[in-house]
Amino acid sequence: MNDPQADRELKPQEFEFESMNLQVGMRLQFITHRRLKPVQHFSTLIGWSKDEYLIVKIPMDNGAPIALVEGERVTMRVFSGIHVCSFACTVERVFGRPLLYAHISFPRTIQGTSLRTAMRVKVDIPARIFTANSAVLVAECLLTNLSVNGARIEAQKSLPQDEDEFDLEFLLQAPPNNQEVRVRARAAVRNISALTSGAEQAEGFAYGVQFISLNPAHYTLVQNLTYEALLADRQKIV
């Protein structure tokens, strides 16, 4: 069943260029329209000249820059804050090796959606639970969805009921080089359910946990994970 609030938040609306809060180095989704089905790539914003053009890195595909033709129509998407914006433009000039960047037309019309601040994304990330402020391992578990506000975790055994708060530790990949970053968040259980496979005997437990404390840098990593899932694979949004 659809969430009426989510439907309202995902309704497209017009945005001004300044409201996108573009920053040099931001990751952009770069969509080409040469085939029946659009092809998605990723690029990086280098800069812009207001009302004239944007400067972007030429996307790479299997280690090589994609071929761009001057005059070609492309669509750009960017997430910024709690907005995902898209705009159509054309390739104006292509700079090949060793520069590998392009000028694309300045956006005239920008469509965007305002997202829930804590959208959840489906994940499959091994994690560990520690006693708060200690190195005492309580249990190993699996993250099955994640947001900036909390997560759903699955564990083979029941967690200690006398622990009001605990530390949840897991790894995330940080752009642009996918370097692994160890995230450790203070969390508290908000709900619990038994996992079954159709038999009466429980095969484990699922916990809805809320983050009590999350490092700002780690908050940004989780936020980016959510937005990239929204851009690349909407099926991952819970």
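All figures in this text were calculated on a predicted structure; none of them were measured in a lab.
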Intermediate values then yes/no, side-chain contact (heavy atoms from CB on, under 4.5 Å), Arg34 and Glu72: CA-CA 9 Å; Arg34 301 167 186 167; Glu72 179 177 358; 2.6 Å; yes
Joint hydrophobic cluster, [X] plus [Y], side-chain heavy atoms closer than 4.5 Å:
{"X": "Leu68", "Y": "Ile55", "result": "no"}
{"X": "Tyr53", "Y": "Ile110", "result": "no"}
{"X": "Val56", "Y": "Met26", "result": "yes"}
{"X": "Leu99", "Y": "Ile46", "result": "yes"}
{"X": "Val209", "Y": "Leu137", "result": "no"}

From CA spacing to verdict: side-chain contact (heavy atoms from CB on, under 4.5 Å), Ile153, Phe170: CA-CA 11 Å; Ile153 62 176; Phe170 53 94; over 6 Å; no
Cationic N near anionic O, under 4.0 Å, Arg182 to Glu180: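 Here Arg182 does not pair with Glu180 in a salt bridge, since their nearest N and O are not under 4.0 Å apart.
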Looking at [X] and [Y], what are the two nearest heavy atoms and their distance?
{"X": "Val91", "Y": "Val94", "value": "CG1-CG2, 3.6 Å"}
{"X": "His33", "Y": "Val74", "value": "CD2-CA, 4.0 Å"}
{"X": "Ile58", "Y": "Ile66", "value": "CG2-O, 3.5 Å"}
{"X": "Pro59", "Y": "Phe30", "value": "CG-CG, 3.6 Å"}
{"X": "Ala151", "Y": "Leu143", "value": "CB-CD2, 4.0 Å"}
{"X": "Ala139", "Y": "Lys157", "value": "CB-CE, 4.0 Å"}

Between [atom1] on residue [X] and [atom2] on residue [Y], distance to nearest 0.5 Å:
{"X": "Arg73", "Y": "Ile31", "atom1": "CZ", "atom2": "CD1", "value": "10.5 Å"}
{"X": "Lys122", "Y": "Arg152", "atom1": "NZ", "atom2": "CZ", "value": "11.0 Å"}
{"X": "Asn145", "Y": "Asp124", "atom1": "CG", "atom2": "CG", "value": "11.5 Å"}
{"X": "Gln29", "Y": "Arg77", "atom1": "CD", "atom2": "CZ", "value": "5.0 Å"}
{"X": "Ser105", "Y": "Asp51", "atom1": "OG", "atom2": "CG", "value": "12.0 Å"}
{"X": "Ile212", "Y": "Leu168", "atom1": "CD1", "atom2": "CG", "value": "12.0 Å"}

CZ/Arg35: more than 12 non-hydrogen atoms of other groups inside 6.0 Å: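 No, not enclosed.
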Residue Glu70 excluded, over 12 heavy atoms near CD under 6.0 Å: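 Yes, because the 6.0 Å sphere around CD of Glu70 holds more than 12 heavy atoms from other groups.
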Flag for Arg120-Asn149: side-chain donor and acceptor within less than 3.5 Å: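 Side-chain D/A pair, Asn149 to Arg120: absent.
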Chi angles and distances behind the side-chain contact (heavy atoms from CB on, under 4.5 Å) call for Ser158, Tyr207: CA-CA 10 Å; Ser158 177; Tyr207 296 87; 3.6 Å; yes
Under 3.5 Å: donor-acceptor pair, side chain of Asn215, backbone of Ala185: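 No, Asn215 side chain to Ala185 backbone: no donor-acceptor pair under 3.5 Å.
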side-chain contact (heavy atoms from CB on, under 4.5 Å) evaluation trace for Leu225 with Val123: CA-CA 10 Å; Leu225 176 73; Val123 296; 4.0 Å; yes
So [Y] and [X], do their side chains get closer than 4.5 Å, heavy atoms only?
{"X": "Phe87", "Y": "Met76", "answer": "yes"}
{"X": "Arg97", "Y": "Pro65", "answer": "yes"}
{"X": "Glu18", "Y": "Lys50", "answer": "yes"}
{"X": "Leu45", "Y": "Gln23", "answer": "no"}
{"X": "Met20", "Y": "Val84", "answer": "no"}
{"X": "Phe166", "Y": "Val138", "answer": "no"}
{"X": "Phe130", "Y": "Arg184", "answer": "yes"}
{"X": "Thr44", "Y": "Tyr101", "answer": "no"}

Parallel, tilted or perpendicular: rings of Phe17 and Trp48 (30°, 60°):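 Correct class here is perpendicular.
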